[in-house]
Amino acid sequence: MRVAEVVVIGAGVIGAACAEALSASGLRVTVLDRGPLAAGTSAAGEGNVLVSDKESGSELDLALSSLRLWPALVADDDVEWDPKGGLVVATGDPEPLRLFADAQREVGVDARWTSRAEALEMEPHLTRRITAAVFYPQDAQLQPVLATQALLAKVRRRGGVLRPGVTALGLDTTGLHTSEGVIACEHVVNACGPWAGDVSRALGAPIAIAPRRGMVLVTAPLPPTVHHKVYDADYVGAVASGEADLQTSTVVESTAAGTVLIGSSRERVGFDESIRVRVLRELARKAVALFPALTDVPVMRAYGGFRPYAPDHLPVIGADPRVPGLWHATGHEGAGIGLAAATGALLAELITGATPHLDPHPFRVDRPGVMTCT
Ligand SMILES: Cc1cc2nc3c(=O)[nH]c(=O)nc-3n(C[C@H](O)[C@H](O)[C@H](O)COP(=O)(O)OP(=O)(O)OC[C@H]3O[C@@H](n4cnc5c(N)ncnc54)[C@H](O)[C@@H]3O)c2cc1C
């Protein structure tokens, strides 16, 4: 039997951030994943670290905290950190975008109303049809797999153990039962992303986390065409919606390699991995409407992933009141890359009994609709 103080199940960006913060607090941490490290949803994320798409409230507080923490966490690593800023544009009535930005500004977000001419100067290939724009200098981007691996490397350097290819099966008073035997431990963290609902059931404490499918198109490397993270204001509505049916809204950004990522769709179709041409066509159509210069560029590939979806769109971070020693850190939906740094810090504070750096109450496990009985 192996012994650890904390076992983190799931080596995605959330599990890695939790393990990093726990090991920095001096705890002996084991991270296990049934697959390779950093190969789940975190390998499918576009890497946006955003405040622009979050309305004022607890998720925005978590995002602002994360934004402060990320640069120091990855300061010594090449994770393609790029504080490029985000440009949100309206192509119809600008009033909803103005009201949204005004409310964000009141809680400390740097949201700059930008004239049409200024927006076109920042993004010369943008459609001339825009009616308004808001620039968010705080928005940033990183490469999620590199960032996850960098956090896991810190855990290993502090003596933590990384165990890919090990599946968590159940939990009892002897410890965590896995495909490779029992690990005796004081705490177990369920950081299984879209599979956190299934894993919570296996651990005897079900929470309502479900997959929400997303797809992204990737162009071949292009000459500089898109300079910021650019999206249509209707993206915010798609993020906040709980509709099961297909929703697409245009999100466009370039990567360090010169490719342009075109996202994103949202659909609740379980773990269905099939590539749907209808979805890709819709993404391409909307991207070309925003950036006509993308009309004839070659698409190199398309890929998808499953966002970990909580019914009220808020992450679940905290102790499970039903099973002593069990913690959850999941449900970050389409923002887990951005929110990981603050999630790890908060979870470590809660486990070690330190004063939390932000109010953990909104993220508690026993909130309506999240803690389930089956
Ligand atoms: C198309 C798309 C675009 C996105 N873009 C962005 C973006 O730009 N910015 C952003 O912030 N977020 C984005 N997201 C969301 C982000 O990717 C997720 O919120 C985040 O990756 C979730 O990380 P995680 O660690 O919780 O889950 P994962 O990365 O999925 O990690 C969970 C791990 O748990 C493991 N696991 C499951 N069951 C078991 C078991 N029984 N035993 C052991 N291990 C197990 C899995 O193998 C997996 O590796 C995007 C998501 C998608 C799908």
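If you read the sequence from its start, that first residue is 1, and numbering goes on from there. Atoms within each ligand, like the ligands themselves, are counted from 1 in listed order.
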What one should report as the nearest heavy-atom pair of G181 and T178 is O-OG1, 2.6 Å
Over all atoms of both residues, closest heavy-atom pair of G193 and T330
O-OG1, 3.3 Å
For ligand 1, find out whether one of its N or O atoms is nearer than 3.5 Å to an N or O atom of A168.
yes
Are any of the N or O atoms of L339 closer than 3.5 Å to those of ligand 1?
no
Please state which protein non-hydrogen atom is closest to atom 53 (C) of ligand 1 and give its distance, to 0.1 Å?
G305 C, 3.4 Å
So, does T352 use its side chain to make a donor-acceptor pair with the main chain of A348 at under 3.5 Å?
yes
Polar contacts were defined as any N/O atom of the residue lying under 3.5 Å from an N/O atom of the ligand; does this apply to N48 and ligand 1?
yes
I'd like to know if S264 contacts ligand 1, where contact means a heavy-atom distance under 4.0 Å to any ligand atom.
no
Any nitrogen or oxygen of T167, side chain or backbone, less than 3.5 Å from one on ligand 1?
no
Residue, atom and distance of the protein heavy atom nearest atom 49 (O) of ligand 1 read D33 OD2, 2.6 Å
Electrostatic pair D272:R276 at N-O distance under 4.0 angstrom
yes
Under the side chain to side chain contact (heavy atoms under 4.5 Å, CB included) test against L64, which residue among E59, Q138, K54 passes?
Q138
Options I9, V8, I14, V49, ranked by nearest heavy atom to atom 25 (O) of ligand 1, top entry
I14
Looking only at heavy atoms, what is the nearest atom pair of P315 and L339, with distance?
CG-CD1, 4.0 Å
Quick check: does E333 get an N/O under 3.5 Å from an N/O on ligand 1?
yes
Could you tell me whether some N/O pair between V13 and ligand 1 is separated by less than 3.5 angstrom?
yes
For atom 52 (C) of ligand 1, find the nearest protein heavy atom and state the residue, atom name and distance (0.1 Å precision).
R307 CG, 3.9 Å
Honestly, for V166 the part within reach of ligand 1 (heavy atoms, under 4.0 Å) is backbone
Residues, nucleotides or ligands: over 12 heavy atoms within 6.0 Å of E121 CD:
no
Option passing side-chain hydrogen bond (donor to acceptor under 3.5 Å, both in side chains) with E253 (candidates H228, K229, H227)
K229
Nearest non-hydrogen atom to atom 6 (C) of ligand 1 belongs to which of K229, R34, E46?
E46
Checking heavy atoms under 4.0 Å, the part of V216 that sits near ligand 1 is side chain
Identify whether the distance between the nearest side-chain nitrogen and carboxylate oxygen of R212 and E333 falls below 4.0 Å.
yes
Verify, without hydrogens or angle tests, whether S200 (side chain) and A196 (backbone) share a donor-acceptor contact under 3.5 angstrom.
yes
Give the residue, atom name and distance (to 0.1 Å) of the protein heavy atom nearest atom 31 (O) of ligand 1.
G12 CA, 3.5 Å
A student comparing G45, G334, C18 should find that the heavy atom closest to atom 10 (C) of ligand 1 comes from G334
What do you reckon, does P308 have a nitrogen or oxygen under 3.5 Å from a nitrogen or oxygen of ligand 1?
no
Pairs of nitrogen or oxygen atoms closer than 3.5 Å, one from G338 and one from ligand 1: do any exist?
yes
In terms of side-chain geometry, is the basic nitrogen of E273 or R213 positioned less than 4.0 Å from the acidic oxygen of its partner?
no
Quick one: pull up OG in S66 and CG in L60 and give me the separation to the nearest 0.5 Å.
11.5 Å
What is the closest protein heavy atom to atom 28 (P) of ligand 1, and at what distance does it sit?
T41 N, 3.6 Å
Do D312 and R367 meet the salt-bridge criterion of a basic N to acidic O distance under 4.0 Å?
yes
Short version for P194: what comes under 4.0 Å of ligand 1, heavy atoms counted, is side chain
What atoms of ligand 1 come within less than 4.0 Å of a heavy atom belonging to A335?
10 (C), 11 (O), 12 (N), 15 (C)
Any nitrogen or oxygen of G336, side chain or backbone, less than 3.5 Å from one on ligand 1?
yes
If you have a sec, work out which protein heavy atom is nearest atom 27 (O) of ligand 1 and how many Å separate them, to one decimal?
G193 CA, 3.4 Å
Please classify the F306 to ligand 1 contact at 4.0 Å (heavy-atom distances, strictly less than): side chain, backbone, both or neither.
backbone
Considering heavy atoms of the protein only, find what lies nearest to atom 23 (O) of ligand 1 and give residue, atom and distance to 0.1 Å.
S42 OG, 3.3 Å
For atom 2 (C) of ligand 1, the closest protein heavy atom turns out to be A44 O, 3.6 Å
Report yes or no: does T225 contribute a side-chain atom to a donor-acceptor pair with the main-chain N or O of P223 at less than 3.5 Å?
yes
The complete set of side chain to side chain donor-acceptor pair (under 3.5 Å) pairs with one or both residues in residues 70-88, sequence neighbours excluded, reads K84-Q141
Any heavy atom of G263 closer to ligand 1 than 4.0 angstrom?
no
Provide the full list of ring pair (Phe, Tyr, Trp, His ring centres under 6.0 Å) pairs with a residue in residues 195-219, sequence neighbours left out, each pair given once.
W195-F271
Under 3.5 Å between some N or O of ligand 1 and some N or O of P36?
no
Main-chain N/O of V226 paired with S254 side-chain donor or acceptor, under 3.5 Å
yes
Numbered atoms and elements of ligand 1 in range of G214, under 4.0 angstrom, heavy atoms
1 (C)
